[in-house]
J.: 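Please find one structure pasted underneath; my questions will follow.
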There are 2 protein chains.
Amino acid sequence: MMFSKACEYGIRAAVYVTLQSLEGRRVGVNEIAEEIDSPIAFTAKTLQQLTKNEIIHSVKGPNGGFEIAREDMDSAKLSMIVKAIDGDKIYTGCGLGLKECNAQKPCPLHDRFLDIRNNLRNMLESTSLFDLATGLEVGLTYLKR
Amino acid sequence: MMFSKACEYGIRAAVYVTLQSLEGRRVGVNEIAEEIDSPIAFTAKTLQQLTKNEIIHSVKGPNGGFEIAREDMDSAKLSMIVKAIDGDKIYTGCGLGLKECNAQKPCPLHDRFLDIRNNLRNMLESTSLFDLATGLEVGLTYLKR
DNA sequence: CTAATAAAAGATATTTTTATCCTGAATTAT
DNA sequence: ATAATTCAGGATAAAAATATCTTTTATTAG
């Protein structure tokens, strides 16, 4: 609706990793894909993106998997995940697809979009993985279906 | 960024048609595509969608083209164009891609998205083609580049 | 009525996104 | 050391979105 599939999977996967890290568990791609109801191999790719961008951490070998340190759960904002996977077009791009659209040379929707875009950016920049995981933890929110 | 390419072209095309209709001119696909800097044939398809949905009107034959009646310029809201081309997933779809995401069974972002989505919907439902064309008319906004 | 014009519609091609599969590299337990 | 496990990376496939080309239909001017 707003993010690519890859990004949707990325956010859901990261939130699940966070939830499990809170319990001290490291989780593998198979479990993640199962728990967020996503295609395994494709989800693995997006998890790679997240580790490359140092948003989550991965460990190879037996008992390996993905995890995130408690102190990183607060600093890891949604905006970082979105930027890592979808780039920053959601912030900088024109709503009507103009190459350059700015205050000097705005598209007809430019001003009306400013508001909405800022709203969105504020939300993404202020919401952390920890914030999202806690809702899940107490059974208020869901990552599947 | 938010809409499909088809929808971006659709909005820009509709605004240009409105602008020209205000001058009493009917316009053809070639001129439209030229003026909004979009691929001709693809733009023609989206214009078809708009006429099928009775948002703009088309006339075949010599001196034919696209137009919109003055009285329809106010009632034609952006939301109608978006719905005609991209469907209503932008209103109803879950930000994280869950099949069913609602107050009863929300995704972790559900509440935070409500605000943004309503903002967007309000904007789309309250902005008319006339509103957008007037900015263009006085040279405040642009449809190209 | 005929020829010319312009949108509608259908067929096809290209590009991007999404998805899968297979091999390689790192790590760990035995 | 060896085998098993798990992520990383590359190659490939399928689906969807974007784009183009051709034919058909409607309309109008002459």
Side-chain angles (χ1 to χ4, degrees), chain A residues 1-14 16-17 20 25-34 36-68 82 84-87 89-90 93 96-97, chain B residues 1-14 16-17 20 25-34 36-68 82 84-87 89-90 93 96-97:
Chain A
M1 163 254 193
M2 195 148 230
F3 306 130
S4 68
K5 281 280 166 198
C7 194
E8 289 176 0
Y9 299 151
I11 295 174
R12 277 152 58 196
Y16 182 72
V17 169
Q20 292 306 315
R25 295 187 62 232
R26 202 178 272 161
V27 282
V29 210
N30 291 283
E31 177 182 338
I32 295 173
E34 169 68 26
I36 70 173
D37 191 34
S38 69
I40 300 179
F42 192 62
T43 304
K45 299 284 186 195
T46 77
L47 283 165
Q48 261 182 67
Q49 291 275 299
L50 298 185
T51 54
K52 258 189 226 169
N53 283 270
E54 300 184 294
I55 292 166
I56 59 179
H57 181 238
S58 78
V59 177
K60 284 182 178 178
N63 197 33
F66 296 89
E67 64 186 1
I68 177 169
V82 174
I85 299 180
D86 280 350
K89 61 180 176 334
I90 197 165
L96 292 188
Chain B
M1 167 250 190
M2 195 148 229
F3 307 130
S4 68
K5 282 278 165 200
C7 194
E8 289 176 359
Y9 299 152
I11 295 174
R12 277 151 61 194
Y16 182 74
V17 170
Q20 293 306 315
R25 296 185 62 231
R26 203 178 272 161
V27 282
V29 210
N30 293 282
E31 178 181 338
I32 295 173
E34 170 68 27
I36 70 172
D37 189 34
S38 69
I40 301 179
F42 192 63
T43 304
K45 299 285 183 192
T46 76
L47 283 164
Q48 264 183 62
Q49 289 275 300
L50 297 184
T51 55
K52 258 189 227 167
N53 283 270
E54 299 183 298
I55 293 166
I56 60 179
H57 181 237
S58 79
V59 178
K60 283 184 180 179
N63 199 35
F66 296 89
E67 64 187 3
I68 176 168
V82 174
I85 299 180
D86 280 351
K89 61 180 172 342
I90 198 163
L96 293 189

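When reading the values below, keep in mind they use all heavy atoms of this one structure, side chains included, and skip hydrogens, waters and symmetry mates. These figures come from a predicted structure and were not determined experimentally. Residue numbering restarts at 1 for every chain, and letters A, B, ... go by the order of the sequence lines.
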J.: Can you tell me which nucleotide in dA26(D), dT18(C), dC7(D) comes closest to the side chain of F42(A)?
T.: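 Minimum distance to the F42(A) side chain belongs to dT18(C).
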
J.: Taking the minimum atom-to-atom distance to the side chain of S58(B), which one of dA9(C), dA7(C), dT27(D) wins?
T.: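 Given the options dA9(C), dA7(C), dT27(D), the side chain of S58(B) is closest to dA7(C).
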
J.: I want to verify a distance call: between dT27(C), dT27(D), dA19(D), whose nearest atom is closest to the Y9(B) side chain?
T.: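 Side chain of Y9(B) sits closest to dA19(D).
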
J.: Under a 3.5 Å threshold, yes or no: a donor from one side chain and an acceptor from the other, between S38(B) and T43(B)?
T.: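 Side-chain D/A pair, S38(B) to T43(B): present.
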
J.: Between L50(B), I36(B), I32(B), which is the residue that forms a side-chain contact (heavy atoms from CB on, under 4.5 Å) with V17(B)?
T.: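 Considering L50(B), I36(B), I32(B), a side-chain contact (heavy atoms from CB on, under 4.5 Å) with V17(B) is found only for I32(B).
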
J.: Without decimals, in angstroms, what is the distance between F66(B) CZ and dA26(D) C1'?
T.: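 It works out to 13 Å between those atoms.
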
J.: Please tell me which of the listed nucleotides, dT28(C), dT5(C), dG9(D), lies nearest to the side chain of P62(B)?
T.: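 That would be dT5(C).
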
J.: Using a cut-off of strictly less than 4.0 Å, decide whether T51(B) has a side-chain nitrogen or oxygen near OP1 or OP2 of dA7(C).
T.: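 No, outside the criterion.
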
J.: Between dT17(C) atom P and Q49(A) atom CD, what is the distance in whole Å?
T.: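 That distance rounds to 13 Å.
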
J.: Distance-only, no hydrogens or angles: does the D86(A) side chain make a donor-acceptor pair with backbone N or O of V82(A) under 3.5 Å?
T.: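 Side chain of D86(A) to backbone of V82(A): no pair is present.
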
J.: Taking the side chain of K60(B) as its heavy atoms from C-beta onward, which of dA9(C), dT27(D), dG9(D) lies nearest to it?
T.: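 So the side chain of K60(B) is nearest to dT27(D).
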
J.: How many whole angstroms separate atom CD1 of I85(B) from atom P of dT18(D)?
T.: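 Rounded to whole Å, this separation is 11 Å.
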
J.: Expressed in angstrom and rounded to an integer, what is the separation of K52(B) atom NZ from dT25(D) atom P?
T.: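 Taking NZ of K52(B) and P of dT25(D), I get 16 Å after rounding.
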
J.: Can you tell if the side chain of I90(B) reaches within under 4.5 Å of the side chain of F3(B), non-hydrogen atoms only?
T.: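 Yes, at least one pair of side-chain atoms sits under 4.5 Å.
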
J.: With DNA chain C as reference, determine whether G61(A) or A44(B) sits nearer its 5' end, using the nearest nucleotide of each.
T.: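 It is A44(B), whose closest nucleotide lies nearer the 5' terminus.
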
J.: Which nucleotide in the set dG9(D), dT20(C), dT5(D) lies at the smallest distance from any side-chain heavy atom of A41(A)?
T.: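 Side chain of A41(A) sits closest to dT20(C).
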
J.: To the side chain of K5(B), which of dA19(D), dT27(D), dA7(C) is closest?
T.: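 So the nucleotide nearest the side chain must be dA19(D).
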
J.: Just verifying a value: how many Å separate L47(B) CG and F42(B) CZ, rounded to the nearest 0.5 Å?
T.: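 Those atoms lie 11.5 Å apart.
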
J.: Between P on dA7(C) and CG on N53(B), what's the gap in Å once rounded to a whole number?
T.: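 Spelled out: CG on N53(B) to P on dA7(C) is 18 Å.
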
J.: For the pair made of CD1 in I40(B) and C1' in dA7(C), what is the distance, rounded to whole Å?
T.: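 Result: 14 Å.
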
J.: Within this structure, what is the CG-to-P distance between N30(A) and dC21(C), rounded to whole angstrom?
T.: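 In whole Å, dC21(C) P and N30(A) CG are 13 Å from each other.
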
J.: Could you check V59(A) against F3(A) and say which one's nearest nucleotide on DNA chain C is further toward the 5' end?
T.: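 Checking each residue's closest nucleotide, the 5'-ward one belongs to F3(A).
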
J.: Which nucleotide in the list dA19(C), dT28(C), dA4(C) gets nearest to the side chain of P39(A)?
T.: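 For P39(A), the side-chain atoms sit closest to dA19(C).
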
J.: Looking at Q48(B), does any N or O in its side chain come under 4.0 Å of the phosphate oxygens OP1/OP2 on dA9(C)?
T.: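 Result: yes.
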
J.: Of all the choices, dT20(C), dA7(C), dT18(C), which nucleotide is nearest to the side chain of K45(A) once you look at every atom?
T.: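 Selected nucleotide: dT20(C).
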
J.: In a check of side-chain hydrogen bond (donor to acceptor under 3.5 Å, both in side chains) between E67(B) and each of Q20(B), R25(B), R26(B), which one passes?
T.: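 Going through Q20(B), R25(B), R26(B) one by one, the side-chain hydrogen bond (donor to acceptor under 3.5 Å, both in side chains) with E67(B) is satisfied by R26(B) alone.
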
J.: Report the distance from atom CG of L50(B) to atom P of dA7(C), rounded to the nearest whole Å.
T.: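 Taking CG of L50(B) and P of dA7(C), I get 14 Å after rounding.
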
